[in-house]
Amino acid sequence: MIRAGEAIRDGVSPLVPGFTVEVLPEVDSTNTELMRRARAGRTEPVLLVAEHQTAGRGRLGRNWASAPGDSLTFSLGLMLAPAAWSGLSLAVGVALAETLHPRVRIKWPNDLWLDDRKLAGILIETASSTADANGPRYAVIGVGINVARPPADGLATPPAGLDEVMPQARARDVLVRLARPLVEAVKAFETFGFAPFQARFEARDALRDRAVALSDGTAGTAHGTTEAGGLLVHTAAGMVAVTSAEVSVRPARGE
Ligand code: BTN
C-alpha cells in the first residue's frame, strides 16, 4: 500500500496542497477518526485508509461491516466552503460510479448499486472549525466498497461485490484509480455545486422512473433530482422534492 499511497499523493497534491495519504492496519472507523482529529483542531487534507475497521459506521446510525482484504474503506478529509452542501454525496457517487464500472448505478442519496444490490456506501460528516455557521467546514467523506462479494448473511437482498464485474479487482488498485477523480469531483462541487453533476447523475440513476417507497411514508415514482440534488418523487399529491438526509428510499415492493 505504501507505493500506492505515494502514487495517490502525487496525483492529488496538485489539486490540494499539503495532501497526504495515511494507511492504518486497524481503526474503529476512518470517519470517526477524522472527526476526532477535527474536534482536536486537526483539519489537514488527508486520505485515511483502513485495512480493517472495528466499528465502521453507515448512514442513519447503521453499522458498516467489512472483512479485511475484501473491502475498501477510506475517508477523505478536507476543508470545504461550498455555497450549499446538499448534493455532495451525489457528486461523490457520480465520480465513484463513473470510475468503477459502466454497470454501477447510484441510488439516491448515498449508495452505489450493481444490479439493484448494494455495492458501496458513502457517509459524509462535517465539523466546523470556526464560529461562522456558513464558513468553511472540515468535510469527512467516508466510502466503503465491497471489493469481494460479501456473504448474504440472511439479508433479503444480498450485497454485490466489485469482483462480479472486475474479477481481478484489488482494494489498493481500486483506490489508486478512484482517488484523483473523487477529489476532482469534490473540488468541482465546492465551486459549482451539484448542477454540473445533475445530468451525469441521471445517466446512472438507479431509481429513475421506478416506483419507490420512502421511510417517511411517501410513495410514488422517482423522477430524477432537483438542481440542488433533492429526489423528485411524483406522488398522488403531485411532485415533491425529498431533501431530508434522514429519509431512506427503496424501490417499491412488486415494482
Ligand atoms: C452507508 O451505506 O450508509 C454508508 C457506509 C459508509 C462506510 C464507510 S467505510 C469508511 C468510512 N468509515 C466509516 O465508518 N464509514 C465509512
Side-chain angles (χ1 to χ4, degrees), residues 1 5 8 21-39 45-78 85 87-97 100 104-114 116-127 138-150 152-153 155-162 169 171-172 174-175 178-179 182-183 186 206-207 214-215 229 231 242 244-251:
M1 194 59 108
I8 293 169
V21 179
E22 200 179 320
V23 182
L24 298 177
E26 187 172 291
V27 69
D28 50 356
S29 143
T30 52
N31 265 47
T32 305
E33 171 63 15
L34 289 189
M35 290 298 283
R36 256 194 310 260
R37 292 184 189 180
R39 281 192 291 270
V46 65
L47 184 74
L48 184 66
V49 189
E51 283 167 358
H52 180 45
Q53 290 191 132
T54 55
R57 295 185 291 111
R59 240 177 102 242
L60 306 171
R62 298 178 183 135
N63 69 340
W64 176 268
S66 51
D70 285 352
S71 73
L72 175 59
T73 49
F74 66 89
S75 300
L76 170 69
L78 76 175
W85 288 86
L88 176 56
S89 71
L90 305 184
V92 168
V94 166
L96 298 179
L100 285 172
V104 175
R105 296 282 170 270
I106 310 159
K107 198 214 101 187
W108 188 95
N110 74 323
D111 286 350
L112 297 186
W113 276 9
L114 183 63
D116 275 3
R117 290 169 297 125
K118 183 158 173 165
L119 174 71
I122 300 160
L123 175 67
I124 300 182
E125 300 173 290
T126 66
Y138 191 67
V140 176
I141 300 167
V143 177
I145 301 174
N146 302 326
V147 177
R149 186 175 175 175
D153 278 344
L155 292 169
T157 308
L162 199 56
R172 175 203 343 206
V174 173
L175 184 62
L178 283 181
L182 170 63
V183 174
V186 170
L207 299 176
L214 276 66
S215 57
L231 179 70
V242 183
S244 170
E246 303 307 315
V247 164
S248 65
V249 54
R250 56 179 170 74

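None of these values were measured; they are calculated from a predicted model. Counting starts at 1 for both ligands and their atoms, in listed order. Along the sequence shown, the residues carry numbers beginning at 1.
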Under the rule for side chain to side chain contact (heavy atoms under 4.5 Å, CB included), what residues qualify as partners of Ala120, not counting sequence neighbours? Leu112, Ile145
Taking atom 16 (C) of ligand 1 as the point of reference, which of Glu125, Arg57, Arg62 owns the nearest heavy atom? Arg57
How close do Met35 and Ala127 get, counting heavy atoms only, and between which atoms? CE-CB, 4.1 Å
For Gly56, take its heavy atoms, then give the atoms of ligand 1 lying under 4.0 Å from any of them. 14 (O)
Can you tell me if Gln53 has a non-hydrogen atom under 4.0 Å from ligand 1? yes
Non-hydrogen side-chain atoms of Pro251 and Leu207 separated by less than 4.5 Å: yes
My understanding is that only residues two or more places apart in sequence, or in another chain, count here; which of them pass salt bridge (Lys or Arg N to Asp or Glu O under 4.0 Å) with Asp28? Arg36
for atom 11 (C) of ligand 1, nearest protein heavy atom and its distance come out as Thr30 OG1, 3.3 Å
Ligand-residue contact atoms, ligand 1 with Val143, heavy atoms, under 4.0 Å: 8 (C), 9 (S), 10 (C)
Taking the side chain from Lys107 and the backbone from Asp116, do they hold a donor-acceptor pair closer than 3.5 Å? no
Counting each atom of ligand 1 from 1 as listed, which ones have a heavy atom of Gly58 under 4.0 Å away? 1 (C), 3 (O), 4 (C), 5 (C)
Please list the nearest protein heavy atom to atom 2 (O) of ligand 1 with its residue and the distance rounded to 0.1 Å. Lys118 NZ, 2.4 Å
Output the list of atoms in ligand 1 that are nearer than 4.0 Å to some heavy atom of Ser75, sorted by atom number. 11 (C)
Between the main-chain N or O of Leu123 and the side-chain N or O of Asn110, is there a donor-acceptor pair closer than 3.5 Å? no
Ligand-residue contact atoms, ligand 1 with Ile122, heavy atoms, under 4.0 Å: 4 (C)
At a non-hydrogen distance cut-off of under 4.0 Å, which region of Asp111 contacts ligand 1 (side chain, backbone, both, or neither)? side chain
Determine yes or no for a side-chain-to-main-chain donor-acceptor pair under 3.5 angstrom, with Glu51 supplying the side chain and Pro68 the backbone. no
Between Arg59 and ligand 1, is there a nitrogen or oxygen pair with a distance under 3.5 Å? yes
Atom 5 (C) of ligand 1 - nearest protein heavy atom and its distance: Trp64 CE3, 3.5 Å
Between Ile124 and Trp85, is there a side-chain heavy-atom distance shorter than 4.5 Å? no
